[in-house]
Number of protein chains: 2
Amino acid sequence: MGTTQLESVPEPKYWHLKTVLSEALDAEFSVGEILPNERDLAARFGVARATLRQALEQLELEGRLQRRRGVGTTVAPPRMGVAVGAHGQAWPGEADDTWQPLDCMPAAPPAAVAGQLGTGREEPVHTVRRSRMSHGQPVAAELLYVPAASVPDLSAIDVPSGAARARAVLRELQRLPLQRQENAVELGSARADDAKELDRLPGAPVLVVTTRYLAADRTAALSVATYRADTCRLTFGDSGDVEIHHDPENQAS
Amino acid sequence: MGTTQLESVPEPKYWHLKTVLSEALDAEFSVGEILPNERDLAARFGVARATLRQALEQLELEGRLQRRRGVGTTVAPPRMGVAVGAHGQAWPGEADDTWQPLDCMPAAPPAAVAGQLGTGREEPVHTVRRSRMSHGQPVAAELLYVPAASVPDLSAIDVPSGAARARAVLRELQRLPLQRQENAVELGSARADDAKELDRLPGAPVLVVTTRYLAADRTAALSVATYRADTCRLTFGDSGDVEIHHDPENQAS
DNA sequence: CAGTGGTCTAGACCACGTA
DNA sequence: ACGTGGTCTAGACCACTGG
């Protein structure tokens, strides 16, 4: 008897390390503060650097830490609430200053997108790039696919591309009666171009929000927006400004 | 001249490996098929096992692969669409057979939850555990917090705990007039208990959906549901059964 | 029991940001 | 030039699953 289970389920080192670090973050560090570098931390805890990194990766995934090459590891602020599809139901660009149109060019969308739009393979559609800022930093990069059929009155000649073109496409789109929109969220990893725009490394975890805009029972436009998973909490159905304190022991919120 | 940039931006090996594997999955493998083991794969590509694993981890994060210790690595089916908050606005357990109540016990919620509920610290609330199945596998584990004030007519005596108690709490909750509900989605990692219920390892990536149920301008209940991020695509505002084909080259959808 | 993925080590070198 | 995190290696052992 006694001995109380004697480590019959040995916790992995990196997991225990993560717990210890997490508690230390709550107790001894404040937002923005710089942690000791990885080599020192690993030595202090008596583990290999790779093991220490495994713990840091988890904490970064949960939005507790921010790591930047050449700079260091800092304590991240709580995730910001970002409203998605909150304007009830509205076209993109409608009374919307959170998204900034960058440019627009005709291009054949990926097969999955073409399938949902109901356009033919290799058929070019208007592809609008937009960027979303919040609290002074980029939080999302979007590709908005608009079939030519959805903006029939768009004059192709005056402005062939650029931000002005993007605004023109959005303006034309808003003339259609919006039936409803459907949102889907899934986990992905940042493509090289998105990563650059989001100020992250390629492969960084992102929340991919796919929005279908329906008009007259057809998909009039499709938006694929990639949000930084480390800094964002996506909110649906409200204004998205609820403050949430941190809950030690894992997960988030 | 010539030499066309000569690798001035050398892609990391694991990233290139991921691309190669991803294309191989599309071209030469079908869903459910078993891949060669990690040691063989690493040898075949001439890299260390750790590097190969880095590529596999990314592909698993994107829902392309499924790895199980002691078994092997298999090709994952496309993510399933899971409807979240789609019944317009309804209480949990209302005409809802996707969630299965497991049990219910009084417990003091985490500080973050207590804050949103407006209950005092250490004040116990009804804590309902539910499990969600889809296509025969568990996709989400939920903790639903219901303050005593929201279910005033609940008799504390007859059924102190268990699934029957959980159903009783849900039934009482539905007598309140539901004002609206607010959803938030963020990335997290599975706690040990959630991981077990979701048939994953602790720390596995999950999508944490927090739902506030509002009645009479108060938070009448709060749900924290953790969905498997590898197998689920969360849908808002529709029935969530859209089929989506796979898009090679990264991300998801 | 053999074979799988999961954890861990102790090194090395590289890419990047800052000074 | 220096210090940071990012990548990579070649091993070792452990935990789990299945026959």
Side-chain angles (χ1 to χ4, degrees), chain A residues 7-19 21 33-61 64-76 189-190 192 195-196 199-205 230, chain B residues 5-19 21 33-61 64-76 189-190 192 195-196 199-205 230:
Chain A
E7 291 297 338
S8 78
V9 183
E11 209 174 34
K13 273 191 190 178
Y14 79 90
W15 184 264
H16 180 244
L17 203 50
K18 178 194 141 185
T19 307
L21 285 170
E33 200 166 344
I34 321 175
L35 268 64
N37 71 53
E38 298 183 348
R39 291 164 181 84
D40 286 352
L41 274 181
R44 180 177 315 184
F45 287 105
V47 300
R49 193 179 152 217
T51 305
L52 185 267
R53 278 180 60 81
Q54 212 172 341
L56 293 184
E57 261 152 42
Q58 282 250 351
L59 289 170
E60 191 180 28
L61 198 77
R64 307 287 315 274
L65 293 179
Q66 182 154 2
R67 300 192 286 174
R68 271 176 304 170
R69 165 151 56 178
V71 180
T73 303
T74 56
V75 181
S189 46
K196 193 177 174 187
D199 193 26
R200 302 260 39 188
L201 289 179
D230 55 345
Chain B
Q5 272 284 77
L6 183 54
E7 290 297 339
S8 79
V9 182
E11 210 173 34
K13 273 190 189 179
Y14 79 92
W15 185 263
H16 180 245
L17 203 50
K18 178 194 140 186
T19 308
L21 284 170
E33 201 166 343
I34 322 176
L35 268 64
N37 71 53
E38 297 182 348
R39 291 162 179 86
D40 285 353
L41 274 180
R44 180 177 315 185
F45 287 106
V47 300
R49 194 181 152 215
T51 305
L52 185 269
R53 277 180 61 80
Q54 211 172 340
L56 293 184
E57 261 151 43
Q58 282 250 350
L59 290 170
E60 191 179 29
L61 199 78
R64 307 287 315 272
L65 292 179
Q66 181 155 1
R67 300 192 287 174
R68 271 176 304 170
R69 166 153 51 177
V71 180
T73 303
T74 57
V75 181
S189 45
K196 193 177 174 187
D199 193 25
R200 302 260 38 187
L201 289 179
D230 53 345

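Every heavy atom of this structure was used, including side-chain atoms; hydrogens, water molecules and symmetry mates were not.
For the atom pair Leu35(A) CG and Asp40(A) CG, the distance stands at 11.0 Å (nearest 0.5 Å). The structure places OG1 of Thr51(B) at 11.0 Å from CG of Leu56(B), a figure rounded to the nearest 0.5 Å.
One interatomic measurement links the two molecules: CZ of Arg200(A) to P of dC16(C), which rounds to 15 Å at whole-angstrom precision. Separating the CG atom of Leu52(A) from the P atom of dA10(C) is a distance of 13 Å, rounded to the nearest angstrom. As rounded to whole Å, 9 Å separates atom P of dG6(C) from atom CG of Leu56(B). Summarising the geometry, the separation between CD on Gln54(B) and C1' on dT9(D) is reported as 12 Å, rounded to the nearest angstrom.
When heavy atoms are screened at a 4.0 angstrom cut-off, Leu201(A) is found touching the sugar-phosphate backbone but no base atom.
Residues satisfying the salt bridge (charged side-chain N to carboxylate O under 4.0 Å, His left out) test with Glu57(B), not counting sequence neighbours, are Arg53(B), Arg67(B). With sequence neighbours excluded, the residues that form a side chain to side chain contact (heavy atoms under 4.5 Å, CB included) with Arg39(A) are Asn37(A), Arg49(A).
Using a 4.0 Å cut-off, no side-chain N or O of Thr51(B) falls inside it from OP1 or OP2 of dT7(D). For the OP1/OP2 pair of dG11(C) and a distance below 4.0 Å, the side-chain nitrogens and oxygens of Arg49(A) include no atom meeting the criterion. Taking 4.0 angstrom as the limit, Asn37(B) places a side-chain polar atom (N or O) nearer than this to OP1 or OP2 of dT4(C).
Arg39(A) contributes a side-chain N or O that forms a donor-acceptor pair with the base of dG5(D) under 3.5 Å.
Salt-bridge formation is detected for the pair Arg200(A)/Glu60(A): a Lys NZ or Arg NE/NH1/NH2 atom is positioned less than 4.0 Å from an Asp or Glu carboxylate oxygen.
Within residues 66-76 of chain A, the residues approaching DNA chain C are Arg69(A), Gly70(A), Val71(A), by heavy-atom distance under 4.0 Å.
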